[in-house]
Amino acid sequence: MARILITSAIPYINGIKHLGNLVGSQLPADAYARFMRARCNEVMFICATDEHGTPAELAAAKAGQPVAEYCAAMWQVQKDLSDGFRLSFDHFGRSSSLRNRALTQHFAGRLADAGLIREVSEKQVYSHADGRFLPDRYIEGTCPNCGYDRARGDQCENCTKQLDPTDLLNPHSTISGSTDLEVRETKHLHLRQSAMRDKLSTWIESKTDWPILTTSIAKKWLNDGDGLQDRGITRDLDWGVPVKRGDQEWPGMEGKVFYVWFDAPIEYIAATAEWADANGLDDSAWQRWWRTDMGADDVRYLQFMGKDNVPFHTLSFPATIMGSGEPWKLVDYIKSFNYLNYDGGQFSTSLGRGVFMDQALSILPADYWRWWLLTHVPENSDSEFTWENFQASVNKDLADVLGNFVSRVTKFCRSKFGEVVPDGGAYGAAEQAVMAEIATRLAAYETHMELIEIRKATAELRAIWVAGNEYLQVTQPWATFKTNPEAAAVTVRFALNLIRFYAVLSQPFIPDASADMLSAMQTDDDAWPTDINAALSALPAGHAFTVPEVMFAKITDEAREEMATRFAGKR
RNA sequence: GGGCCUGUAGCUCAGUUGGUUAGAGCAGAGCGCUCAUAACGCUUUGGUCGUAGGUUCGAGUCCUACCGGGCCUACCA
């Protein structure tokens, strides 16, 4: 039994996430966590909301709520949705927790003690009307290079020239529209990532088994231009972790907070501490996952994230961990994902384009979405959601191949033998042949999951379902029942056992359907199979079962067309 | 501008260190079955592997150029 720590990138607090966000980290992480638990490993699966930063403050203002109140409400919304999608986090934390506040301040203090923090005086744009400093992209004006009148302070979208806010002609705040802006001197802390460049580079170079997507992004940042740059880790905001040096005040930093990207990854650790607190456990309970001097030396730690998160997880956060000089657990494997597009374009939160998590659950059960998303997870390149593909995939795989298998077997048995596993005869050549095929495919499925090749694993699982239908075609119990009822009994007994077996193997991907199958088979034996023969004999003759309701209703053409229209844009 | 990823059947994708006739699922065609959600099974039609060169006994795989798609480029997170 291994100990496996899994973290999913933490979703930002300002609204409901779309399916592209879900499939880019939380969902594949969940399938992996479920698989690893099923294999009897000790798993700690952590997620949280990322609550700090300017967008949260603005979203709260727009909602007319204090930011803390807004975040608390949105945390509950996101928590309910993650429950709705059956995301099996051991804890779903909040980056605004006191645990994270203390840990973030602790890390900053350690980094300062190690000489890895320097104070930098820089010029920032202050908006009097908004009463705040403005991040570069919240300032718009006319591009001095091309004359485009909606160029942002960080870059002109029209000519792609990189800009400073002070370069813009006629700059104004995108929040209030005010032109009453002023450049002010302000002091900030920078993390001296450049001082750790060689150490980080050596570490990344050693990770030869990581996805190319992960390492190529890290190497780009390490080697581009003058190499890895220092990074500001504080902001002039109200909402965030107050800047402190450990538990001491930090002279000159009064009223400032840490930058979200500094405290967000630390929340992985803090959320595990929150988990311990919530379960009435002491500090050693979470430290054994995170401190290599307190039991975490045998932990395997995996992170799941979209590609946009890679620089922070391969460089900034490791710099924080390494720079602390304390024995914190470093990540062992980073699985990164490309993007999911929506029907020829991108999902867009601002335009309301695509399907959002709350809408998805209001239309169809979680398993439908989980199955489609996990069979199309963008592991190698961006992938695309279309309603036609979704309908075809779900109807064929879930309704026809799996659902109908359960239906035909249980209904046939009920009509010929009653609602009990039939007695008589013994498994023969046909059953052995199926078990041989399944054993091969199960091994492939397990290997793919261990390597986090989710798509390939789903393909094997589907093939295992198909094997059940092939088996029925070969043995034809509806025919043998007329001449040799005992042969039909063997077939049905084996097929009923396949249903339980499918429930166990399918659980990482479609947990609700899996539970329904177990319930219909009236068993709670969900042990992962090690001996195929034994696993397919778990339900003995005489064992009672029930015929389940239709497990997966099909998506009709009319419903598909209606949904395609409804989600085309403007939420 | 720079960097990275990507282009394989109508669609979605596999193709391990270059090695016989390039695979799967869906869609299409034909046949079979009738227990089942008009479900299932079998067979089968589709590809000069983005284009043009090159290396090699041999290239989907390696190199170069070009074309198309995408991402990143450090103050959104």
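The chains referred to below are lettered A, B, ... by the order of the sequence lines, with proteins before strands, and numbering in each begins at 1. None of these values were measured; they are calculated from a predicted model.
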Report, one pair per line, the protein and nucleotides 43-46 of chain B atoms (nitrogen or oxygen only) whose separation is under 3.5 Å.
none

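Using a 4.0 Å heavy-atom criterion, one finds that Gly15(A) contacts no nucleic acid atom at all. Using a 4.0 Å heavy-atom distance criterion, Ser383(A) is classed as a sugar-phosphate-only contact. Nucleic acid contact for Val550(A): base, since at least one base atom lies under 4.0 Å from a heavy atom of the residue. As judged by a 4.0 angstrom heavy-atom cut-off over every strand, Lys219(A) is placed among residues making no nucleic acid contact. Within 4.0 Å of Glu549(A), counting heavy atoms only, lies no atom of the nucleic acid at all. Counting non-hydrogen atoms under 4.0 angstrom, Pro55(A) reaches the backbone sugars and phosphates but no base.
In this structure, Phe412(A) does not pack face-to-face on the six-membered ring of C35(B), missing the 5.5 Å centre cutoff or the 30° plane limit.
Within the structure, every side-chain polar atom (N or O) of Arg408(A) is placed at least 4.0 Å from both OP1 and OP2 of A39(B). Contact annotation: Arg462(A) side-chain N/O to C26(B) OP1/OP2 distance is under 4.0 Å. Taking 4.0 angstrom as the limit, Lys456(A) places a side-chain polar atom (N or O) nearer than this to OP1 or OP2 of G15(B).
Contacts of residues 395-403 of chain A with RNA chain B (heavy atom under 4.0 Å): Lys396(A), Ala399(A), Asp400(A), Gly403(A).
Nucleotides G46(B) and G30(B), compared at atom P, are 16 Å apart to the nearest Å. G68(B) and C62(B) have their C1' atoms separated by 22 Å, given to the nearest Å. Nucleotides G70(B) and U17(B) have their P atoms positioned 29 Å apart, rounded to a whole Å.
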Problem set entry | Under the 3.5 Å Watson-Crick or G-U criterion, the dot-bracket string of RNA chain B, with | for inter-strand pairs | (((((((..((((.....[...)))).(((((.......))))).....(((((..]....))))))))))))....

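Nearest-nucleotide positions on RNA chain B for Lys411(A) and Ser381(A) put Ser381(A) closer to the 5' end.
From Trp221(A), atom CH2 reaches atom CD of Gln193(A) across 8.0 Å, with rounding to the nearest 0.5 Å.
A donor-acceptor pair shorter than 3.5 Å cannot be found between the side chains of Glu140(A) and Thr174(A).
The side chain of Val466(A) has G41(B) as its nearest neighbour among A77(B), G41(B), A74(B).
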